[in-house]
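Numbers here are sequence positions counted from 1.
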Amino acid sequence: MLVPTCTALIVAAGRGSRFGGPLPKQYALLNGQPVLRHTILACQAAPAISAIRVVIAQGDEAHYAAATRDLDLARPVLGGLSRQQSVLNGLEALTEVPPDFVAVHDAARPFVRPQDIAACLTAVAETGVDGAVLGIPLADTVKRTDPEGCVVETVPRVRLWRAQTPQVFRFATLLAAHRAAAPLAEAEATALTDDAAVAEKAGLKIVMVAGSEDNRKVTTAEDLARASIMETRTALGFDVHGFAAGNAVMLCGVAVPHSQTLAGHSDADVALHALTDAVLGTIGAGDIGKHFPPSDPQWRGVSSDRFLRRAVELLDARGGRIVQLDLTLVCEAPRIGPHREAMIASVAGIAGISPDRVSVKATTTEGLGFTGRREGIAAQAIATVEIPRS
Ligand code: MG
């Protein structure tokens, strides 16, 4: 008996407008490899899949080549302006050697399980339906709102599903449905967002197959971070500022009354500078002087919370998060204790973390050295972060 053929048509032509990174989401790195490569490898590992074809966006050829290096794949198909158009282009390309079945799959679902692909194929091949769609029965209560976000009604969730991919169809049937729907797509405000919708329009019979929450879509940088194996990194920051004539020093964004002030180009907040360098250190992003050169007049007198905020933004952009910030201030005076809680609250607010993740300590040098001679204040900081493993 001939084993039926099933081609995985992986749709990687989206521009990922919700992702916000420099790359479309399917080429972003998940544990050191592009998301698309993980998805291709998952399909290759599924015995139900006999061939793989990827649809990519025009202009992404170099990203695709890098993501698929060393993999034995047919040349990619160029997509269209909508997902529907991209799938149609992919199906048309498969007509060269038509498979019995096609499993249309999102490039951004790298965690698809072989048994779920097999279950969809079995449903179509053995039960006489036209298509099978992997999905999850809704567990949450569903509300419909008006444009202002006020609840209009509770939608009964009985028999409601969230559709995932793969969506498996008899190849010839899906091709015919897509060809029939193509002229309509141009007339509609938005093209159909999945293949089941195209098949529904054609009146085809589609069955839902219960899948796994593991098969989630990586749509945002946050999804990517959540999907990644995280590693812990720790880095040090150190800074010194000398005293000058004045009546308060800025420490951790808090103005502490003192017989002198700290001299510096910005507000000379030695504590925030050390913390900024520590956070930058965790992502190897250089130091505060690289990002905010003292030679640049725009940083004159500026409040140093700007610097720490920027370092945290850079960490955020990498999908990282701060686990702890630990600071030690070294000075004979002013006394830090009375201001400690305000400093912790201030740092937590600037870094966007809970105060229990911030530690502020103080010590003297027993009258020794420049801090002992009350010439200035030194600060040491250690930042501990979690960041997706690269
Ligand atoms: Mg400094």
Hey, could you give me the [atom1]/[atom2] distance between [X] and [Y], rounded to the nearest 0.5 Å?
{"X": "Leu272", "Y": "Phe307", "atom1": "CG", "atom2": "CZ", "answer": "9.5 Å"}
{"X": "Cys331", "Y": "Phe243", "atom1": "SG", "atom2": "CZ", "answer": "6.5 Å"}
{"X": "Cys43", "Y": "Ile49", "atom1": "SG", "atom2": "CD1", "answer": "5.5 Å"}
{"X": "Met250", "Y": "Met343", "atom1": "CE", "atom2": "CE", "answer": "9.5 Å"}
{"X": "Ile10", "Y": "His105", "atom1": "CD1", "atom2": "NE2", "answer": "6.5 Å"}
{"X": "Asp223", "Y": "Leu30", "atom1": "CG", "atom2": "CG", "answer": "11.0 Å"}

Which atom names give the shortest non-hydrogen contact between [X] and [Y], and what distance separates them?
{"X": "Ala93", "Y": "Arg53", "value": "O-NH1, 3.9 Å"}
{"X": "Leu88", "Y": "Ala182", "value": "CD2-CB, 3.7 Å"}
{"X": "Val11", "Y": "Ser86", "value": "CG1-CB, 4.3 Å"}
{"X": "Phe171", "Y": "Pro99", "value": "CB-O, 3.2 Å"}
{"X": "Pro24", "Y": "Gly14", "value": "CB-O, 4.0 Å"}
{"X": "Ile206", "Y": "Ala132", "value": "CG2-N, 4.4 Å"}

Same cluster (ILVMFWY, side-chain, under 4.5 Å), [X] and [Y]:
{"X": "Val254", "Y": "Val360", "answer": "yes"}
{"X": "Ile322", "Y": "Ile344", "answer": "yes"}
{"X": "Val87", "Y": "Val168", "answer": "no"}
{"X": "Val54", "Y": "Leu174", "answer": "no"}
{"X": "Leu327", "Y": "Val385", "answer": "yes"}

Is there side-chain contact between [X] and [Y], with heavy atoms separated by less than 4.5 Å?
{"X": "Arg321", "Y": "Leu315", "value": "no"}
{"X": "Arg300", "Y": "His265", "value": "yes"}
{"X": "Leu204", "Y": "Arg170", "value": "no"}
{"X": "Leu73", "Y": "Tyr64", "value": "yes"}
{"X": "Glu92", "Y": "Leu175", "value": "yes"}
{"X": "Arg109", "Y": "Thr39", "value": "no"}
{"X": "Pro114", "Y": "Pro47", "value": "yes"}
{"X": "Thr68", "Y": "Ile40", "value": "yes"}

In sequence, state the C-alpha distance, the side-chain angles, and the governing distance for Thr384 and Thr232, and then conclude on side-chain contact (heavy atoms from CB on, under 4.5 Å).
CA-CA 7 Å; Thr384 304; Thr232 302; 3.6 Å; yes
Can you see whether Gln324 engages Asp326 through a side-chain donor-acceptor pair at a distance of less than 3.5 angstrom?
no
Is it the case that atom [atom1] in [X] sees more than 12 heavy atoms from other parts of the structure closer than 6.0 Å?
{"X": "Leu81", "atom1": "CG", "value": "no"}
{"X": "Gln58", "atom1": "CD", "value": "no"}
{"X": "Asp72", "atom1": "CG", "value": "no"}
{"X": "Lys205", "atom1": "NZ", "value": "no"}
{"X": "Asn247", "atom1": "CG", "value": "no"}
{"X": "Arg306", "atom1": "CZ", "value": "no"}

One pair to check against side-chain contact (heavy atoms from CB on, under 4.5 Å): Val279 and Leu325. What are the steps and the verdict?
CA-CA 9 Å; Val279 173; Leu325 295 175; 3.8 Å; yes
Which class fits the ring pair Tyr27 and His63: parallel under 30°, tilted 30 to 60°, perpendicular over 60°?
tilted
Mind running side-chain hydrogen bond (donor to acceptor under 3.5 Å, both in side chains) on His273 and Ser266 for me, showing each step along the way?
CA-CA 10 Å; His273 294 183; Ser266 63; 3.3 Å; yes
Salt bridge check: are [X] and [Y] linked by an N-O gap of less than 4.0 Å?
{"X": "Lys25", "Y": "Asp106", "answer": "no"}
{"X": "Asp195", "Y": "Arg83", "answer": "yes"}
{"X": "Arg162", "Y": "Glu213", "answer": "yes"}

Check: [X] side chain, [Y] main-chain N or O, donor-acceptor pair, under 3.5 Å:
{"X": "Glu332", "Y": "Gly367", "answer": "yes"}
{"X": "Asp267", "Y": "Ser304", "answer": "yes"}
{"X": "Glu61", "Y": "Gly59", "answer": "yes"}
{"X": "Thr282", "Y": "Arg233", "answer": "no"}
{"X": "Thr371", "Y": "Ile377", "answer": "no"}
{"X": "Thr363", "Y": "Val330", "answer": "no"}
{"X": "Arg157", "Y": "Val142", "answer": "no"}
{"X": "Asp277", "Y": "Asp287", "answer": "no"}
{"X": "Thr5", "Y": "Asp100", "answer": "yes"}

Applying the side-chain contact (heavy atoms from CB on, under 4.5 Å) criterion to Ile382, which one of Leu275, Thr328, Leu236 satisfies it?
Leu236
Kindly determine whether Leu314 and His291 satisfy side-chain contact (heavy atoms from CB on, under 4.5 Å), including the steps that lead there.
CA-CA 11 Å; Leu314 292 171; His291 295 272; 3.6 Å; yes
Hey, what else clusters with Leu29 if you join Ile, Leu, Val, Met, Phe, Trp, Tyr whenever side-chain heavy atoms sit under 4.5 Å?
none
Verify side-chain contact (heavy atoms from CB on, under 4.5 Å) between Leu78 and Asn89, making sure each step is shown before the conclusion.
CA-CA 7 Å; Leu78 291 183; Asn89 290 1; 5.6 Å; no
